[in-house]
Q: 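Following this message is one structure expressed as structure tokens.
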Amino acid sequence: MIKVKQLNKYFGDLHVLKNINFSFQEGKTTVILGSSGSGKSTLLRCINMLETPTDGSIYYRNEIIDPVKNIKLIRQKIGMVFQSFNLFSNMTVIENVTYALKVVKKMPNEEAINTALVLLKRVGISDKKDAYPSKLSGGQKQRVAIARALAMNPEVILFDEPTSALDPEMVSEVLEVMKTLTHTGLTNIIVSHEMGFAKEVADYIIYMDDGMIIEEGPKEDFFKKPKTKRAQDFLQKIL
Amino acid sequence: MLTIFNFHAISEWIPYISKGVGYTLLIALLASIFGVVLGIILTLMSRHKILKKFSYFYIDIFRGTPVILQLSMVYFAFPTLINSILRDVFFLDVTFMLSAFLAAIITFSLNSGAYISEIIRSGINSVDKGEIEAARALGVSNFHIYKDIILPIAFKNSFPALMNEFITLVKESSIVSVIGLQDLMRRSQIVTSQTYMYFEPLIIVGIIYYVVVKILTLLSRQIESRLQYD
Ligand SMILES: Nc1ncnc2c1ncn2[C@@H]1O[C@H](COP(=O)(O)OP(=O)(O)O)[C@@H](O)[C@H]1O
Ligand SMILES: [Mg+2]
């Protein structure tokens, strides 16, 4: 589905991604683990070209993702959910969800609203449809952000620590919604520190350290006994 | 008997003085309209590699010197300069003149353009980068990101500062009296010269300014609260 080949990313002199190679499988859920600063966000952001790779290429269904030529089309296929929600603060909940449908997909207003209403119901937040983001809790904001990403009917969704900015009591409402997205044909790529959640929903695990993928494989293998010492230490620390 | 405030004597002059408020408001209004246009141009220039130098230089000069100097430059020095160029370089026997009103509009437009550009720039910078990224990640074009996200939020965030600049213009335009424009200040001086009253005309002018500024401040708060997204 998404193939990352020889990907390198520098910020100035800082080598943040070091020769990353990986294939994300269609319809599967891949959870990316690793300590803070290991390059997880940067990897995710290279996939939809929020960061331009310094070197290497990324393929979407065998088509090279190009930051100029095809990125707008590919971004419609790849949704993203951010740690800090990033809802449009000048738009109501329903406007947040319909906005890209209208300006990117040129969907008529009424159809966009109907699409949005279905999705808001799915993430359990229909009653707040006319509220502005400033009036929502973190958990509610993140559920709206998920609905906004789903509205474009993407084939892939990138989640960058979607629950890290939430109060503990709101984490589960967001994870519950995310669970409903697995095994639906959607390809999920999730950066998360929620180990219980990773154990439950992941098909594959990637473990990153210092800009490199140092361990990858089916979740069963990873959680039973990581091959590398660093991944073992990481699991020990977190569990 | 000591009369501190001779209302009887000043009352017949009040209508005359009040008419000056038209100049004051007109200068502030036109200068802020042109100032916004100029401010936008300066802000756009500041995003360009080479033009940004000019933009910074311009803003620096206009913020770094007093308005009264700028007004004197435009009204007295600039036409003289033009005239000597016309005469000595082109050998033309014509005289270039600028009316006091036009000079005031030009000066305050040029001056507020510098301040407004700073206001617009910080308004744009105040927009959360995350919201812009979220739009990009959805495939929204830069044009739409500017039109639907950056500009509305920047406008909302900079509205209080823009309104404040307008109020500053209302007050600072009082110095146009030095080039003879019959604004509130100038009219009070004329009344003084006619009646030898110093205190009364100034108090009347002070009250008018205060009321105008108060109304504008209240209006601005009203609009501000309407602009909030909540
Ligand atoms: N825009 C940027 N400019 C400079 N350095 C950055 C930028 N974004 C991330 N970095 C650096 O790159 C490294 C990896 O960051 P990141 O991908 O955010 O890690 P993670 O998401 O795993 O915590 C960190 O050292 C971080 O400081
Ligand atoms: Mg991160």
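Numbered from 1 within each chain, the chains take letters A, B, ... in sequence-line order. Treat the numbers as computed from the prediction; the structure is a model and nothing was measured.
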Q: Based on non-hydrogen pairs under 4.5 Å, which of A/Ile71, A/Asn90, A/Asn86 is most in contact with chain B?
A: A/Asn90

Q: Do we get B/Arg63 above B/Tyr58's six-membered ring, with its NZ or CZ under 6.0 Å from the centre and within 45° of the axis?
A: no

Q: Give a yes or no answer on whether the side chain of A/Lys105 reaches the backbone of A/Met152 with a donor-acceptor pair at less than 3.5 Å.
A: yes

Q: Listed by residue number, which members of residues 151-179 of chain B have a heavy atom under 4.5 Å from any heavy atom of chain A?
A: B/Pro152, B/Ile153

Q: Report the option among A/Met80, A/Lys77, A/Met91, A/Lys72 that has the most heavy-atom pairs separated by less than 4.5 Å from atoms of chain B.
A: A/Lys72

Q: Which atoms of A/Lys135 come close to chain B, meaning under 4.5 Å heavy atom to heavy atom: side chain ones, backbone ones, both, or neither?
A: side chain

Q: Could you walk me through whether A/Asn8 and A/Thr54 pass the side-chain hydrogen bond (donor to acceptor under 3.5 Å, both in side chains) check?
A: CA-CA 6 Å; A/Asn8 281 279; A/Thr54 310; over 6 Å; no

Q: Is chain A contacted by the side chain of B/Asp128, its backbone, both, or neither, given a heavy-atom distance below 4.5 Å?
A: side chain

Q: Less than 3.5 Å apart, any donor N or O on the side chain of A/Asp203 or A/Gln25 sitting next to an acceptor on the other?
A: no

Q: Chain B heavy atoms under 4.5 Å from A/Arg45: which part of the residue, side chain, backbone, both or neither?
A: side chain

Q: Atom CD1 in A/Ile78, atom CD in A/Glu155: separation rounded to 0.5 Å?
A: 9.0 Å

Q: Where does A/Phe88 contact chain B at under 4.5 Å (heavy atoms): side chain, backbone, both or neither?
A: both

Q: Measuring heavy-atom distances to chain B, does A/Phe85 have an atom under 4.5 Å in its side chain, in its backbone, in both, or in neither?
A: neither

Q: At a 4.5 Å cut-off on heavy atoms, which part of A/Met49 comes close to chain B: side chain, backbone, both, or neither?
A: backbone

Q: For chain B, which of A/Leu87, A/Thr92, A/Asn48 has the most heavy-atom pairs under 4.5 Å?
A: A/Leu87

Q: Taking the cut-offs as 6.0 angstrom to the six-membered ring centre and 45 degrees off its axis, would you call B/Lys19 and B/Tyr16 a cation-pi pair?
A: no

Q: Regarding B/Gln70 and B/Asn111, do their side chains bring together a donor and an acceptor under 3.5 Å, going by distance alone?
A: yes

Q: Contact part of A/Ser89 toward chain B, heavy-atom cut-off under 4.5 Å: side chain, backbone, both or neither?
A: both

Q: Please work out whether the ring planes of B/Phe78 and B/Phe96 are parallel, tilted or perpendicular, with thresholds of 30° and 60°.
A: perpendicular

Q: Does a donor on one side chain and an acceptor on the other come within less than 3.5 Å for A/Ser134 and B/Asp230?
A: no

Q: Before we go on, tell me: are the rings of B/Tyr56 and B/Phe54 under 6.0 Å apart, centre to centre?
A: no

Q: Using salt bridge (Lys or Arg N to Asp or Glu O under 4.0 Å), reason through B/Glu224 and B/Arg221 one step at a time and then give a plain yes or no.
A: CA-CA 5 Å; B/Glu224 240 170 82; B/Arg221 294 234 180 89; 5.9 Å; no

